[in-house]
Amino acid sequence: MQKNIKRVFPWLILLMILSGAVTWYVLDRKVSDTQQQAYDEMLKEAELNLNGKHYSVALNKYYNATEIIPHQLKAYTGIIDILLLKNKVDDALTIVRKATRGLSSNQRSNLYKSIGDVYYSQTEYEKAKEVYQEGLGLGVDNSSLELALGKSLLNMGRIDDAQSQIEKNQYSGDDAIEANLILSYIYSIKDVDKAKSQIGGMTPSDTWNHFYDEFDTILKSLDDDEKFNFAKLARIYINSGYPFLAIEYLEGKDIDISQYSEAVYSLARAYLETKQYDKAIEYLDSALSLGGLESEIFWAKARATYAKNDLEASITNYSRAVEYAGKEIPEELLKEYIKMLLSNNQNLKASEVIKLALISSEQAHIYLLGLQVSSNLSENAKIDYYMNQLTKLELTETEEKEYLYWKAKLEIDKGEVENANITLDKLLSLDKFNPKYYLLLSQVKVKETDVEGAKEALEKCIEYDLNNSSTEEAIELLSKIK
């Protein structure tokens, strides 16, 4: 009897310890009605402030909510969403790693996915992969996270690993539809019939219907001409965000595309998108020798040379791209070129480009770019001319706001405070959350010796500035006022 007691006793002790631990865990997570009510009220206040874009206040409210109940998801989701909106991705990752241990593993994995998705959207695929893997390392069954990992591997050029990763999981909803499409892309590199079967085996939702129809049409149009097939498939791969597939298709087959400009250009684009700039330039030069697509090729070459820090070559290539575009210079090309010139203090060259662009076409976006260039050069006569020309044109809503912004800025520079206030009232009625407008408003308040008003405007500028376009200047002005 005593022997039996001795044998059972350690197990009884262990059972008591486990029972105590379970009881402590349950009691620790038990939420009183008072706590839940306080938590819900704090969330309500946070969401109201978030909807009003009072991000700092909302963030504090969410933090307060986590102190009331540390193991409920909603407050942490709010914190992470705000940090990601403010592009504080690393801060968001630190929060998930260190402050969310009270959440379930599945809840935490979804927060990891939100962070990984931001890295992915910024083309930081290695970081995205690491974050996705960290989320999956919690031992969860999260198919959305599994698919995201597969996509990041695909954009790192690890095509076989991506295929294995996507194939091994069962998906539902739009994840299943997207996964099926990606597998169709991958299969089409080596086996078109398999790709046709894969894409035909699922009915897409409205979100994905266009992509399915487009790829299905391309697959059915393929023939025995490998050069034409490459151009068709490469365009799909690149436009869908998977340029490594275009490279894999060509390198996996014995295809001579050297005499087919569109195919050569497509391969160059794939190398450019994957940051293989020397190869991109090599194939862009080959495409130029074949004739056609000159503006697009020089534009791509300008990007590649700029990425290699060759400013002179980049300027030359941008100029050629604009020249070959003729009277129909793409707005995106011109904006990109002018932005590059101004960021490198090439103001005179930018002025020359604007002059040539206006000879080709007198469009509002060119005059608006001209205002930015002439402002840097203090060319007051040109500024007045551009402003006058803009009054004669029919402006889009975006162009109207940009015109009013410059109008207010010029009125402030001239000391026309009353007029500036009227213009700013119009601007803020169109977009009350634009940080640039509050930066101008602070300058008006300074001229009116309204110190508190200037501080308030600068604080709003910083609060609403999600891409940090005005924050640095606002902080500097705020420090001078205080």
Side-chain angles (χ1 to χ4, degrees), residues 39 42-68 70 72-101 103 107-132 134-135 145 148 152 339 343 398 401 405 427-428 430-442 454-482:
Y39 181 85
M42 194 64 69
L43 285 183
K44 184 178 178 181
E45 292 178 20
E47 287 162 6
L48 284 172
N49 280 284
L50 178 58
N51 292 335
K53 300 189 185 295
H54 305 303
Y55 300 113
S56 300
V57 177
L59 195 60
N60 286 330
K61 297 291 183 183
Y62 281 126
Y63 276 123
N64 291 340
T66 65
E67 292 176 0
I68 298 169
Q72 288 192 7
L73 175 64
K74 202 164 185 180
Y76 288 108
T77 301
I79 291 169
I80 300 306
D81 286 348
I82 291 173
L83 291 175
L84 295 180
L85 272 173
K86 300 287 278 184
N87 201 30
K88 297 182 177 181
V89 193
D90 294 339
D91 291 345
L93 185 56
T94 299
I95 293 289
V96 173
R97 284 172 173 165
K98 296 183 177 180
T100 63
R101 297 186 183 277
L103 301 178
Q107 289 171 332
R108 294 183 74 203
S109 74
N110 287 325
L111 294 177
Y112 274 108
K113 183 177 183 299
S114 295
I115 295 167
D117 287 349
V118 173
Y119 283 130
Y120 186 93
S121 70
Q122 296 171 346
T123 70
E124 296 189 55
Y125 301 118
E126 179 67 38
K127 280 189 176 181
K129 176 189 75 74
E130 291 171 0
V131 172
Y132 294 143
E134 195 169 338
L145 202 51
S152 64
K339 180 181 179 181
S343 65
T398 300
K401 288 192 289 187
Y405 168 80
L427 273 172
L428 290 168
L430 295 171
D431 184 356
K432 66 178 181 179
F433 298 119
N434 192 312
K436 291 198 308 180
Y437 304 164
Y438 287 98
L439 193 58
L440 291 183
L441 182 60
S442 72
K455 287 181 181 178
E456 183 182 349
L458 289 169
E459 286 166 357
K460 285 184 177 181
C461 172
I462 295 166
E463 184 81 339
Y464 299 151
D465 190 12
L466 298 180
N467 57 13
N468 294 317
S469 60
S470 305
T471 295
E472 187 176 342
E473 187 177 354
I475 290 173
E476 184 180 348
L477 288 172
L478 195 57
S479 66
K480 291 177 181 178
I481 293 173
K482 288 182 175 180

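Only a predicted model underlies this, so the values are computations on that prediction, with no experimental measurement involved. Scope of the values below: all heavy atoms of this structure, side chains included, with no hydrogens, waters or symmetry mates.
Note that the CG atom of D91 and the CD1 atom of I82 stand 13.0 Å from one another [nearest 0.5 Å]. Atoms OG and OH, on S470 and Y437 in that order, are 11.0 Å from each other to the nearest 0.5 Å. The CG atom of L458 sits 5.0 Å away from atom CD1 of I481, with the distance rounded to the nearest 0.5 Å. In this structure, the separation between CG on L83 and OG1 on T94 is 9.5 Å, given to the nearest 0.5 Å. Separating the CG atom in D90 from the CD1 atom in I95 is a distance of 12.0 Å, to the nearest 0.5 Å. Taken to the nearest 0.5 Å, the CG atom of L441 stands 10.5 Å off from the CG atom of L427.
Side chain of R108 to backbone of G135: no donor-acceptor contact under 3.5 angstrom is found. A donor-acceptor contact shorter than 3.5 Å is absent between the side chain of Y112 and the backbone of L145. Judged purely by atom type and a 3.5 angstrom limit, Y39 uses its side chain to pair as donor or acceptor with the backbone of A75.
Defined by atom type and a distance below 3.5 Å, a donor-acceptor pair is missing between the side-chain atoms of E463 and Y55. A donor atom on one side chain and an acceptor atom on the other are not found under 3.5 Å apart for N49 and Y62. D465 and T471 share a donor-acceptor pair across their side chains, judged by distance under 3.5 Å alone. Counted by atom type alone, N64 and E45 present zero donor-acceptor pairs between their side chains at under 3.5 Å.
Using cut-offs of 30° and 60° for the angle between ring planes, the H54 and Y464 rings count as tilted.
Side-chain contact between L85 and D81: absent, with no pair of heavy atoms (C-beta onward) separated by less than 4.5 Å. Contact check for L477 versus L439: side-chain heavy atoms found under the 4.5 Å cut-off. Side chains of N87 and L466 form no contact here, defined as non-hydrogen atoms less than 4.5 Å apart.
Around atom NZ of K401, more than 12 heavy atoms belonging to other residues, nucleotides or ligands sit under 6.0 Å away. Counted within 6.0 Å of CD on Q122, heavy atoms from surrounding residues, nucleotides or ligands total more than 12; the atom is thus considered enclosed.
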query: Stepwise, does the side chain to side chain donor-acceptor pair (under 3.5 Å) test hold for D117 with Y132?
result: CA-CA 9 Å; D117 287 349; Y132 294 143; 2.6 Å; yes
- request: Test side chain to side chain contact (heavy atoms under 4.5 Å, CB included) on L428 and Y438 and set out the steps.
  value: CA-CA 9 Å; L428 290 168; Y438 287 98; 3.7 Å; yes
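A salt bridge is absent between K61 and E47; no separation between the charged side-chain nitrogens and carboxylate oxygens falls under 4.0 Å. Salt bridge E459/K455: absent, no basic N to carboxylate O contact under 4.0 Å.
Closest approach of V131 to G116, counting heavy atoms only: CG1-N, 3.7 Å. Nearest heavy atoms, L43 versus A65: CD2-CB, 4.2 Å.
Of the candidates L111, N110, L103, L111 is the only one forming a side-chain contact (heavy atoms from CB on, under 4.5 Å) with V96.
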